[in-house]
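For reference, the structure is listed below as structure tokens.
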Number of protein chains: 2
Amino acid sequence: MNDKEKDKDKSWATAEDVAKLAGVSRSAVSRAFTPGASISGKTKTLVMQAAERLGYQVDINARNMIQGRSSFVGVVTSGLANPFRVKLLAPLAHYLGEHGFLPILMNADDADQIAHSLQILLSYRIAGVIMTSGAPPLALASEYVNRRIPVAMVNRAAELDGADVVNSDNDAGGRMAAQRLIQSGATRFAFVGPHISNFSGKARCDAFVDALKGLPRRKGDVELCNTSTDSYESGQQAANTLLNRSRGIPDGVFCATDMIALGFIDAVRHRFQKRVPEDIRVVGFDDIQHAGLDSYRLSTVAQNVQELARHTVQVLVERMNDFDTPAQVRVVPVSFVERDTAGPISG
Amino acid sequence: MNDKEKDKDKSWATAEDVAKLAGVSRSAVSRAFTPGASISGKTKTLVMQAAERLGYQVDINARNMIQGRSSFVGVVTSGLANPFRVKLLAPLAHYLGEHGFLPILMNADDADQIAHSLQILLSYRIAGVIMTSGAPPLALASEYVNRRIPVAMVNRAAELDGADVVNSDNDAGGRMAAQRLIQSGATRFAFVGPHISNFSGKARCDAFVDALKGLPRRKGDVELCNTSTDSYESGQQAANTLLNRSRGIPDGVFCATDMIALGFIDAVRHRFQKRVPEDIRVVGFDDIQHAGLDSYRLSTVAQNVQELARHTVQVLVERMNDFDTPAQVRVVPVSFVERDTAGPISG
DNA sequence: TTGTAAGCGTTATCAG
DNA sequence: CTGATAACGCTTACAA
């Protein structure tokens, strides 16, 4: 009776069960599942057959425990509301998987939750942490570094000693945007984005402004419209600010993210009845899914999520192998995606 | 020397370290971290102080191993490209967390990967599986059920014995759409979506058609435009099909998902130069982020992701406690979100 | 309330 | 190549 109950619920077969069925020792089973272990083909097939019949799989946690390692990597991101960060997730999971790691997703939306997430990740003995742009404060990151847990950051300032950083080439992106806007014949420029507090925003802004310096036909200074977030709503608000001014309105606008650009364009079109790109040319940054929709067809600077993810996992793994290796900063190339909002290239 | 190296890399403090520092036994440490264990306040604070100093956290995997349970739940979803499924993720993670579970995200995009994901999840000794609508085939689900691993499905047919299902009220949603389109004065109706192969699509379609039966002013049958996916592209293609026909074009269209609706609307507006809602009224289903953007302002049937997630976790946990409990089907209410694409309510 | 000892499912070590 | 034995970090009888 008791045995039957056990059979019923203990659905997990153990190495011992397999060993018994195959008529070998537990060690033999272990070896059969260890690539490159010294075991004869005969016993291996014997074990594998028994394992198949019992539906046995090695218990990764038990294996990790004895090997003193972990197969978890914390991915702390500041919200699934941001399409770009979501887009980064799949390739990140992919490359982590290639190294035998499993991502543990941590939503860092509230500040409370964020402290709790640290505890959880520690409880799971994570092998490393990946922090994507946005909310997670630096203090949190240094908590990990202090515990000698490898940290890799994506699209953030390299402010933390001992943590690697992988960034898109914001500088090149900002210059591309400027160049493209110049080609379209714009003469009055504006930047919209979080260029004060946000690292990426600042870099994109600086490069944009810099590339516009000394342009002969330019009218007035480049208007800098700072936003508090990188959201659609921020883009709408920026349009209100920029188009309600008494001076001439800009005709070439670079938005720090696609979501901002979308909000800006929608406000320009539906609230101010102006046309994009005819009246105002707009360039975004990220190349999220929305950018390709027919209602927008946003010209934008595309981040290469695949490469971003690959390098991030790579630096993280390198630091796992040697925690005291010097911190790296890797820059991933961006590319310009031509659609409609930047207007035609004029003589 | 050897000791120093150990100190350097073995950054994880163990219960033994804490015990030593606090001057108590390992069991005392364990008890201090077990809610409701019999331990004196004095020793507990002693332990906690030592733990604090060493940055100790209980190793959840070791704990789970000895307690014969797992804190992982597999969430197998058919791709982060679908905004609705992404929207479901955060609340799912939230409610799982409330029960002490951690989601393991499995991307089920290719068929190859999907078989591999089964292995991985088994290796982690998951306590249960949540399958969201879409790709993951039923055969995979039954693999889990056969191993007596609890399975909960979201927005899928209740075809699998021993697996619980949580659905949005597609029936009510389809009727809402019909009613709203009738109110807007439409007389020629069409449904666009995967109503043949897809469970949700079929249910929404049936309810829509049914609610339109016997409508006096109706012109012709409800046109059923089947799509192969629930994507933006499918919506665009559907518009090509529907608007290129020689018969009169529909003026009241219900799309099975918001992404389809977006594609349909964009094609109608930009390829056929017709107006939404003036020429064609459109209603969607899901209420994804895009639906609220000013360029669309899509009127749609909103799914309640919060409740969907809550119930899903609830049925899963119930089945964990008693695997042989009869399978449940729970239906979560939907609500209509009024925006612009359904047009004004006419006489 | 406490400490001691056994055991969870693995793999590493060391004989044979 | 194979099998016994110890160990990983933890919880939980059991005894004190």
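Everything numeric here is computed off the predicted structure, so don't read it as measured data. The sequence lines fix the lettering, A, B, ..., with proteins before strands; numbering per chain opens at 1.
Among the atoms of the strands shown, base atoms are found under 4.0 Å from some heavy atom of Ser27(A). Nucleic acid contact for Arg69(A): none, since no nucleic acid atom lies under 4.0 Å from a heavy atom of the residue. Heavy atoms of Ser38(A) sit under 4.0 angstrom from at least one base atom. Contacts of Val29(B) with the nucleic acid, taken as non-hydrogen atoms under 4.0 Å apart, are absent. Contacts of Tyr56(B) with the nucleic acid, taken as non-hydrogen atoms under 4.0 Å apart, involve only primed sugar atoms and P, OP1 or OP2. Using a 4.0 Å heavy-atom criterion, one finds that Thr34(B) contacts no nucleic acid atom at all.
Using modelled atom types, one finds a donor on one side chain and an acceptor on the other under 3.5 Å when comparing Arg85(B) with Ser78(B). No hydrogens or angles considered: a donor-acceptor pair under 3.5 Å links the side chains of Tyr124(A) and Ser71(B). There is no side-chain donor-acceptor pair under 3.5 Å between Arg125(B) and Gln57(A).
Look at CH2 on Trp12(A): it is 11 Å from P on dT10(C), rounded to the nearest Å. Regarding Asn64(B), its CG atom lies at a distance of 11 Å from the P atom of dT12(D), rounded to whole Å. Rounded to a whole Å, the CG atom of Asn61(B) is 13 Å from the C1' atom of dT10(C). Straight-line distance from the CG atom of Asp17(A) to the P atom of dC8(C): 11 Å, rounded to whole Å. Rounded to an integer number of Å, the gap from CD1 of Ile66(B) to C1' of dT11(D) is 4 Å. Here the C1' atom of nucleotide dG9(D) and the CZ atom of Arg63(A) are 18 Å apart, to the nearest Å. For the pair Leu46(B) CG and dT1(C) C1', the interatomic distance rounds to 14 Å; values are reported in whole Å. Rounded to whole angstrom, the span from the CD atom of Glu16(A) across to the P atom of dG7(C) amounts to 12 Å.
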Problem set entry | Stepwise ring-ring contact (aromatic ring centres under 6.0 Å, His included) check, Tyr56(A) with Phe33(A) | CA-CA 11 Å; Tyr56(A) 170 80; Phe33(A) 282 91; 5.3 Å; yes
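No donor-acceptor pair closer than 3.5 Å links the side chain of His94(B) to the backbone N or O of Ala90(B). Put simply, the side chain of Ser40(A) gets close to the backbone of Thr43(A): a donor and an acceptor are under 3.5 Å apart.
Among dG3(D), dT4(C), dT11(D), the nucleotide with an atom closest to any side-chain atom of Ser25(B) is dT4(C). Proximity note for Val24(B) (side chain, C-beta onward) versus dG9(D), dG3(C), dT11(D): the nearest is dG3(C). Of the candidate nucleotides dT10(C), dG9(D), dC10(D), dT10(C) has the atom lying nearest to any side-chain atom of Ala15(A).
The base of dG3(D) sits with one of its N or O atoms less than 3.5 Å from a complementary donor or acceptor on the side chain of Arg31(A).
For the pair Ser40(A) and dT2(D), the criterion of a side-chain N or O lying under 4.0 Å from OP1 or OP2 is met. At the phosphate of dT12(D), OP1 or OP2 sits under 4.0 Å from a side-chain N or O atom of Gln67(B). Between dT10(C) and Arg125(B), a contact under 4.0 Å exists linking OP1 or OP2 to a side-chain N or O. Side-chain N/O atoms of Thr43(A) include one lying less than 4.0 angstrom from OP1 or OP2 on dT2(D).
Both Arg26(A) and Ile39(A) lie near DNA chain D, and the one whose nearest nucleotide falls closer to the 5' end is Ile39(A).
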